[in-house]
Amino acid sequence: MKSETVREFSLITFAMFIISISIYFFLIPSGIVVGSISGLAMVLNQLLPLSISVLTLILNMGLLVIGFLFIGKEFGAKTVYTSILLPVFLAIFEILFPLSESITGNNVYDLITYTLIIAFGQAILFNVNASSGGLDIVGKIVSKYTHMEIGKALTLSGFITSMTSILVYDVGTLVVSLIGTYANGQAIDYFIDGFHKKKKICILSEEYPVIQDYIMNSMNRGVTLYKAVGGFKKEERVELVTIMTSNEYKKLLDYLHKSNFQAFVTVSTVNEVIGTWNINKRKLR
């Protein structure tokens, strides 16, 4: 349990470092107000005598209370940590790397880079039941109660924030912000789907009892057996079906090759697995 907690918070720290880089080096200098609390802080920074890091902290604290109330203590505790990390990282970058303009010199490049980097970081956080705070909390709440994909929920809430850019920027910035918000939501769903993908492996072999024993006792994965009838010889066979990660599939394939079994194997990609899927009854994330 302790090692799992350390692993999760290490991932959260890494994800927040990535997110902070995307915000500070690509979002802020470009003036793009993509639907996020950082984007809203950029707008307020033009209206109030407070730094972006301070505004981000204030806005995050308000939404954090909402997260505790509507999502739960575990999510809230992790988001407290991320909400502290973001302004801290931003403040450090402000001191070490003061910027006055875009490092790419092109808003489109900034938008694409920001969208891909932050979406990857956000996907890591959502995968361990955390968030970077801000509108991620709103998106998580919307997703929880409407069963909408998290990326789409973030897009919906982000559009509202993007609209505030018209208060201090021009129409062109507003359009770019809306496009960026939509792209960010799509990228998040893409990365999250990648984390959840599994391999469905179907094996026809006379040695299926041995293969079944290896999968269940050596790989700690479940197996389902189906009766199958060959279309040519009408012989009855047993098809073994299991679901694994890509790395586990490679291990199983290596075992089959080394054992020199006569086996017919088909593999397909499963985008999502819900429920208990191994013999130890461990709950899927």
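The aromatic rings of Phe17 and Phe89 sit perpendicular, their planes meeting at an angle over 60°, well past the 30° parallel limit.
Within 6.0 Å of OH in Tyr145 there are more than 12 heavy atoms belonging to other residues, nucleotides or ligands. Environment of CZ in Phe25: crowded, with over 12 heavy atoms of neighbouring residues, nucleotides or ligands closer than 6.0 Å.
Lys78 has its side chain within reach of Glu8: a pair of non-hydrogen atoms, C-beta onward, lies under 4.5 Å apart. With contacts defined as side-chain heavy-atom distances shorter than 4.5 Å, the pair Leu11/Arg7 qualifies. Under the 4.5 Å side-chain criterion, counting only non-hydrogen atoms from C-beta, Val210 is in contact with Phe261. When side chains are defined from C-beta on, Leu86 counts as touching Ser20, because their heavy atoms get closer than 4.5 Å. A heavy-atom distance below 4.5 Å is found between the side chains of Leu240 and Ile215.
Pairing each heavy atom of Ile12 with each of Ala130, the nearest pair is CD1-CB, 4.0 Å.
Under the 3.5 Å distance criterion, the side-chain polar atoms of Thr242 are matched with a main-chain donor or acceptor of Gly222.
Between Lys199 and the options Leu253, Ile243, Thr269, a side chain to side chain contact (heavy atoms under 4.5 Å, CB included) holds for only Thr269.
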Exercise. Given the rule in the side-chain contact (heavy atoms from CB on, under 4.5 Å) test, do Glu207 and Tyr214 qualify, once you have shown the distances and angles that lead to the verdict?
Worked result: CA-CA 11 Å; Glu207 305 295 334; Tyr214 175 77; over 6 Å; no
For this session: Apply the test side-chain contact (heavy atoms from CB on, under 4.5 Å) to residues Ser22 and Thr113: give CA-CA distance (whole Å), side-chain angles for both, the deciding distance (0.1 Å), then the verdict.
Result: CA-CA 7 Å; Ser22 69; Thr113 306; over 6 Å; no
For this session: Let me see the working for Phe26 and Thr104 under side-chain contact (heavy atoms from CB on, under 4.5 Å), right down to the final yes or no.
Result: CA-CA 8 Å; Phe26 299 100; Thr104 67; 4.0 Å; yes
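Contacts classified as salt bridge (Lys or Arg N to Asp or Glu O under 4.0 Å) and involving residues 237-247 (residues at least two apart or in different chains) are given here: Glu206-Arg237.
Rounded to the nearest 0.5 Å, atoms CG (Asp189) and CD (Gln122) are 10.5 Å apart. Rounding to the nearest 0.5 Å gives a distance of 10.5 Å between CZ of Phe120 and CG of Leu125.
You'll find the ring centres of Tyr24 and Phe97 outside the 6.0 Å limit.
Residues meeting the side chain to side chain donor-acceptor pair (under 3.5 Å) test with Asp213, sequence neighbours left out: Asn217.
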